[in-house]
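So you know, we letter chains A, B, ... as the sequences are listed, proteins then strands, and number each from 1. Side chains included, hydrogens not; waters and symmetry mates left out as well; all remaining heavy atoms used.
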Number of protein chains: 2
Amino acid sequence: MNIKILAEQLNLSISTVSRALRDSYEISEPTKARVRAMAKQLNYRINPYASSLRRHRSKTIAVLIPEITNNFFSQVINGIEYIAQEKNYHILIYITHEDVRKEIEFAHHLHNGRVDGVLMSVSAETNNYDHLNELMESGVPIVFFDRICESIETSSIITDDFESGFAATEHLFQCGCRRIGFFGLFEHLSISRKRYEGYLAALKKYGINKDDDLIVRSGNDIAANEAAITKVLTSANKPDGAFASIEKMAIASYNVCKRLDIDIPSQLKLISFSNLEISTLLNPSLTTITQPAYEIGKQAAMQLFRYLEKKLYMNRHEKIVLKSSLIPRQSTKKTHSA
Amino acid sequence: MNIKILAEQLNLSISTVSRALRDSYEISEPTKARVRAMAKQLNYRINPYASSLRRHRSKTIAVLIPEITNNFFSQVINGIEYIAQEKNYHILIYITHEDVRKEIEFAHHLHNGRVDGVLMSVSAETNNYDHLNELMESGVPIVFFDRICESIETSSIITDDFESGFAATEHLFQCGCRRIGFFGLFEHLSISRKRYEGYLAALKKYGINKDDDLIVRSGNDIAANEAAITKVLTSANKPDGAFASIEKMAIASYNVCKRLDIDIPSQLKLISFSNLEISTLLNPSLTTITQPAYEIGKQAAMQLFRYLEKKLYMNRHEKIVLKSSLIPRQSTKKTHSA
DNA sequence: CTGTTAGCGCATTCAG
DNA sequence: CTGAATGCGCTAACAG
């Protein structure tokens with residue numbers, strides 16, 4: 001089944017049929033109707049590979065993320081999918097598992113025209129962005145979300161990381177904490193650095209000195225993370241509050257507290273970044289900061305389509321900053337920066 | 001940049017280069033090395049669309065799921081991705097949002113050769129499978145997982161739904177419950193029916209009569225689900241235990257209990273299907289049944305590749321049944337059917 | 001072991 | 001408004 005057979009059945013030329021199918025203005029309405037009817041009857045579908053080969057565009061975008069079993073990223077995908085469906089685009093998923101080598105491999109692969117554009121959040125290990133620069137230079141637009149790459153000149157969607165880091169720390173202070181731990185990712189990630197800077201700013205505002213013994217940086221190894229947290233929580237100068245700036249560390253902290261029989265919140269106040277919608281529901285003693293993940297996905301996809309539709313040229317770029325919400329343990333929702 | 005330019009640079013014919021790139025046995029090692037070196041130097045990549053057009057295969061599979069912001073499905077995708085990466089395949093994601101019309105639209109679309117095979121879980125609304133039968137007949141193999149379609153003759157990966165439904169209900173009985181509610185999906189879904197049958201069998205074993213007033217079927221509307229659960233939990237003959245056979249209903253039950261100030265587990269014992277790894281961690285009063293989602297994804301993908309690699313013909317099919325785990329509120333893990 | 005040739009199915013010039 | 005002809009980039013007979 002191909003366009004040739006369809007054209008023969010209709011006693012029309014291939015080109016006429018092709019134009020009719022793409023609803024070209026050059027074709028009369030009756031002809032279009034005939035073509036559509038016959039196409040339907042014969043169950044004809046345009047071959048996407050032939051079409052893409054000819055048109056040099058794939059109607060496909062790639063989504064590159066560090067992990068998928070994470071409510072934040074799956075909500076983002078949901079948002080992306082909403083826009084992609086609207087635009088009749090297809091979504092290819094690539095998961096790096098926080099492995100730079102995989103990220104590089106995917107980036108290199110995508111030079112081949114398989115996708116028209118890329119939406120991504122960089123892996124925690126990544127600190128050299130050559131592979132992404134090359135991809136951009138080869139004409140594939142990239143839009144970053146959340147874990148962005150500041151040295152690459154392109155659009156990105158982020159949340160108010162500094163402000164929410166500040167708000168989280170301030171919240172702990174207002175709950176009476178004076179020794180506040182920070183559990184986060186490596187500082188070369190922009191989100192980590194900014195949340196950390198917010199944390200530092202809040203400490204400063206309330207006249208608390210930073211104590212490096214209360215800082216834990218997450219690696220990929222969960223056991224190692226838990227060991228590092230355990231060390232902090234069992235030290236002589238242990239914290240009375242902690243800010244887990246990524247969900248992975250929140251879960252690790254929770255595990256450690258359980259093992260050490262430390263009660264949250266009476267012995268340790270914990271506040272964490274989390275998009276696990278039901279976490280506060282299941283355990284109201286957790287205070288969380290939630291990012292508008294679905295909206296982030298939508299905005300990122302919309303921005304990418306601006307590039308694809310040439311409404312925005314690749315040498316122009318925009319940073320879009322969305323607001324996170326702080327959900328205190330009373331479960332009353334409020335936007336911290338509203 | 002294309003294979004022609006590459007061939008010219010090498011003073012070789014296009015076909016020799018093409019063969020060298022695919023590591024054909026017909027090409028000498030030195031030539032292959034030269035080709036690879038030049039390809040690397042010139043940053044050449046095979047155009048996947050030209051290749052797919054010519055070879056009539058896309059090296060791409062589609063994953064069709066009802067929702068993605070759900071730990072079960074995202075873990076499944078993780079498993080699928082693991083196998084796909086091993087096989088150098090690409091993954092297109094389609095989310096039906098439990099909408100049959102979207103499912104039909106996707107299925108029709110995929111007749112066009114965009115993918116070599118499909119992995120899917122049917123939407124809750126689906127009760128006519130023509131669109132899937134047509135897709136199979138057009139030569140695209142489908143492997144179902146979890147929400148399978150029993151009337152289509154193809155392979156599928158499921159869990160021991162009857163047994164886990166039985167175990168869940170028995171667990172409630174052993175905890176002292178005598179009026180046990182069942183909160184599930186529509187019965188036309190095989191997983192729902194089997195879990196329900198397990199529930200009924202357990203009631204029978206312990207001489208408890210089924211009470212239709214304790215049965216709630218979930219729709220897509222969360223508010224309506226919560227209203228139905230509220231009605232049951234506030235009736236004169238309210239249950240002392242409940243089995244939520246899908247996570248959505250577990251969350252709804254939890255919400256309702258909170259609103260009604262019903263304590264779990266002292267006033268209502270709740271057991272639920274859930275792949276939210278940290279749910280028992282966050283709230284040890286929940287007993288959960290966890291499906292091996294990652295393994296389901298891997299098995300499903302492996303089975304699909306058996307079709308794609310012609311190790312299994314499409315008229316042959318296998319049902320693979322994996323075991324779920326019952327995690328009681330003590331958090332001691334055990335496989336209920338081990 | 002390598003080259004020549006003929007399409008895969010479609011979109012788009014260009015010519016009417 | 002429609003048709004003929006060309007080629008997107010690659011693979012696979014077939015031929016040597």
Side-chain angles (χ1 to χ4, degrees), chain A residues 1-36 38-39 42-60 88 90 109-116 138-140, chain B residues 1-36 38-39 42-60 88 90 109-116 138-140:
Chain A
M1 190 60 235
N2 57 27
I3 203 172
K4 194 176 162 196
I5 297 175
L6 183 56
E8 281 166 5
Q9 293 294 320
L10 286 158
N11 271 324
L12 284 173
S13 74
I14 290 175
S15 51
T16 302
V17 174
S18 174
R19 277 183 281 234
L21 290 171
R22 353 201 91 264
D23 202 27
S24 159
Y25 67 95
E26 301 171 292
I27 306 295
S28 71
E29 202 41 66
T31 308
K32 281 183 190 172
R34 268 186 69 216
V35 172
R36 277 194 290 261
M38 184 63 85
L42 299 184
N43 235 315
Y44 169 80
R45 306 286 138 85
I46 290 179
N47 179 314
Y49 294 104
S51 182
S52 291
L53 174 60
R54 185 59 235 257
R55 305 185 69 185
H56 300 286
R57 46 191 287 233
S58 59
K59 286 224 155 212
T60 305
N88 270 306
H90 300 262
H109 173 86
L110 292 177
H111 272 97
N112 61 11
R114 190 181 290 276
V115 299
D116 298 342
S138 82
V140 179
Chain B
M1 189 60 236
N2 58 27
I3 203 171
K4 194 176 162 196
I5 297 175
L6 184 56
E8 281 166 6
Q9 293 295 319
L10 287 159
N11 272 323
L12 284 173
S13 75
I14 291 176
S15 55
T16 300
V17 174
S18 174
R19 276 182 284 234
L21 290 170
R22 355 201 90 262
D23 203 27
S24 159
Y25 67 94
E26 300 171 292
I27 306 295
S28 70
E29 202 42 65
T31 308
K32 282 184 190 171
R34 269 186 69 215
V35 172
R36 275 194 291 260
M38 184 63 85
L42 299 184
N43 235 315
Y44 168 80
R45 303 288 139 84
I46 290 179
N47 179 315
Y49 294 104
S51 181
S52 291
L53 174 59
R54 187 55 236 253
R55 304 185 70 185
H56 300 286
R57 46 190 288 234
S58 60
K59 285 222 155 213
T60 305
N88 270 306
H90 300 261
H109 173 86
L110 293 177
H111 272 96
N112 62 10
R114 190 181 288 277
V115 299
D116 297 342
S138 83
V140 179

### Message
Please tell me if A/Ser28 has a side-chain N or O lying less than 4.0 Å from either OP1 or OP2 of D/dC1.
### Response
no
#### Entry: Distance-only donor-acceptor check, side chains B/Ser18 and B/Arg22, under 3.5 Å
no
### Task
Mind listing the closest non-hydrogen atom pair of A/Ser58 and B/Tyr49 along with its distance?
CB-OH, 3.1 Å
### Query
Are side-chain heavy atoms of B/Asp23 and B/Lys32 found at a separation under 4.5 Å?
yes
### Task
Would you mind building the protein contact string for nucleotides 9-16 of chain D? One character per nucleotide, 5' to 3', B for base within reach (heavy atoms under 4.0 Å), S for sugar-phosphate only, - for untouched.
BBBBBB--
### Task
Write down the distance between CZ (B/Arg34) and C1' (C/dC1), rounded to a whole number of angstrom.
14 Å
### Message
If I take atom CD in residue A/Glu29 and atom C1' in nucleotide D/dT2, what distance separates them, rounded to the nearest angstrom?
### Response
16 Å
### Task
Starting from P on C/dT12, measure out to CD1 on A/Ile27 and report it in whole angstrom.
13 Å
### Query
Checking all strands, does B/Ser52 fall into the base, sugar-phosphate, or nothing category for heavy-atom contacts under 4.0 angstrom?
nothing
### Query
Heavy atoms, side chains only, cut-off 4.5 Å: are A/Val17 and A/Tyr44 in contact?
no
### Query
Quick one: A/Leu12 CG to D/dC1 C1', roughly how many Å, whole number?
11 Å
### Message
For the aromatic rings, using the six-membered ring if either is Trp, is the centroid distance between A/His109 and B/His90 under 6.0 Å?
### Response
yes
### Query
How about B/Ile3 and B/Leu21: do any of their side-chain heavy atoms sit closer than 4.5 Å?
yes
### Task
Give a yes/no answer on whether the side chain of B/Ser13 brings an N or O atom under 4.0 Å of OP1 or OP2 in C/dG3.
yes
